[in-house]
Protein chains: 2
Amino acid sequence: MGNESGQSFCTNAEWMGRAHCDKCHIRQLMLFSELPDTAFEHLLAPIDHFLYPPGSVLYEAGTHKPFIYSIRRGMVKLVHAAQDGSNRIVRLLGNGSAIGLELLDGSKSYHHTAIAVNQVDLCKIPVSTVRQLESEHPALCKHVGKQLQDQLNIADQWIVALGTGAARQRVAQLVLVLEEFFSEDNGAFILLNREDMAAMTGIAVETVSRIVAEFKRQKILYRFKDNFYMCNVAALQELSRYG
Amino acid sequence: MGNESGQSFCTNAEWMGRAHCDKCHIRQLMLFSELPDTAFEHLLAPIDHFLYPPGSVLYEAGTHKPFIYSIRRGMVKLVHAAQDGSNRIVRLLGNGSAIGLELLDGSKSYHHTAIAVNQVDLCKIPVSTVRQLESEHPALCKHVGKQLQDQLNIADQWIVALGTGAARQRVAQLVLVLEEFFSEDNGAFILLNREDMAAMTGIAVETVSRIVAEFKRQKILYRFKDNFYMCNVAALQELSRYG
DNA sequence: CGAGGGGTTGACGCCGATCAAAGCTGGTGG
DNA sequence: CCACCAGCTTTGATCGGCGTCAACCCCTCG
């Protein structure tokens, strides 16, 4: 079952301690950007900071723990499990994204299962804390809205790019997404395993493998180091359009 | 080009006059639910009320008029036009939904083209008015967030239900969506034309037609009156799962 | 060294895209 | 009132892409 095999790790998640939002060096990227430092002085419930290994299940669809999560670093996949046992990856989120926001809208449970794709560094924020901060600082509401709008844009792109066209076009689009949103400073990105790529595009694993292997042979996609890859963006854009 | 042929109507849109939000009988369904009546006394820019015939283009992707829209009654499709000329319908929205919200998040232009599917009754709200109301009534921010969360849920459902599985499963899911979200009091719903159904599911028009015709022969789907249809929900749910 | 998990490749058959043509239906004009 | 037309729907025939089953390779780990 792919990365889910790491599920046993989730109890081993390394607790990094209480978060110090007022001293957070990446706060401008996060949900609490623009809140004043003083906003965090009298929180009723603590914000904790965790490091999860790849494959960890952050939460499961249908369950209800009163936390949302803000991703500091790493990739998280939101998975929908169909009744026939197959999985579909609905969204892939990275640095600065917040997940579990459906709880703020009154949903009693998470809508998806959230799984760490690589090592994930995140803050776990009690819903009650968000509500407290929202009431004291209405600006936070807008940032939640911005998160939702961003995710809506991603979902729309998913429908258009990964849900349409021939298999080769979809895989090309997927690689472009990885390159654009998940590459490191050097432009290299982690190539997901074939099962995850299949679950994102709605294509059979073998077909994905064939196409990826073809891209590698054509040098459109090539290993940079370890599991990091680089790609020929122009060639992939051409493929994603015409095939 | 299907309903887009009605594009010429858009200049004929019937202006129904200034909206009277304080007297609106369906405000509890709309964006401005829970705002006090007094909120609308000193608006800088007016809210107008329109009636659009089927096929009207409400706005086009990439353009930027400073308005969002709140749908009082009717169905609107959000369309993404691919560079190869094909269209993909990204979302179908109905009574109580707001569209064009991306403008509130700072987007310079609409992300999709919005087209009336049937007769659409809506309010056209200047962005400046929303901002004014938001600053005076922070609660409005939450309602915008709720709209976004709703649309995100719809987009996720779209990915899972209409972007996955065999053609027959997708068409079954689509009919169920129409039945669930767009049926009248009597349980009958408008069956979209085949081209729109194809653009929603990513299937060829002929294949959709074959499957719909098959459903009709099996009496799983039958005409109620005019273009209104009814369906056997249980049978379609079975089909949507196993095929 | 063997076991196991992922990735790659081959063979085959079916689903669905495509091209083509024939019903249907509602609207228009004689 | 009927003939005609245009657009949509339905159906047929054909073919290629991709899902499926299966084997094999490669790498890691015990």
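These figures come from a predicted structure and were not determined experimentally. Below, chains carry the letters A, B, ... as their sequence lines are ordered, and counting in each starts from 1.
- A straight line from CD of Glu206(B) to C1' of dA20(C) spans 10 Å, rounded to a whole angstrom.
- Atom CZ of Arg217(A) and atom P of dG7(C) are 16 Å apart (whole Å).
- No hydrogens or angles considered: a donor-acceptor pair under 3.5 Å links the side chains of Ser86(B) and Asp84(B).
- Stacking of Lys124(A) on the aromatic ring of Phe67(A) is recorded, both the 6.0 Å distance cut-off and the 45° axial limit being met.
- Distances from the side chain of Arg210(A) to the nucleotides dG10(C), dG7(C), dT10(D) place dG10(C) closest.
- Rounded to whole Å, atom P of dT9(D) lies 9 Å from atom OH of Tyr229(B).
- Spacing between atom CE of Met197(A) and atom C1' of dG19(D) amounts to 18 Å, rounded to whole angstrom units.
- You'll find the ring centres of Tyr59(B) and Tyr69(B) inside the 6.0 Å limit.
- Rounded to an integer number of Å, the gap from CG of Asn193(A) to P of dT8(C) is 11 Å.
- For Ser209(B), a side-chain nitrogen or oxygen approaches OP1 or OP2 of dT10(D) to under 4.0 Å.
- Each of dT20(D), dA17(C), dT8(C) was ranked by its minimum atom distance to the side chain of Ala204(B); first place goes to dA17(C).
- Side chains of Asn87(B) and His80(B): no donor on one and acceptor on the other come within 3.5 Å.
- Atom CZ of Arg194(B) is separated from atom P of dC8(D) by 12 Å (rounded to the nearest Å).
- Residue Leu192(B) contributes atom CG, which lies 15 Å from atom C1' of dT9(D) at whole-angstrom precision.
- Across the protein-nucleic acid pair, Ile203(B) atom CD1 and dA17(C) atom P stand 6 Å apart, rounded to whole Å.
- In terms of phosphate contacts, Lys216(A) brings a side-chain nitrogen or oxygen within less than 4.0 Å of OP1 or OP2 of dT8(C).
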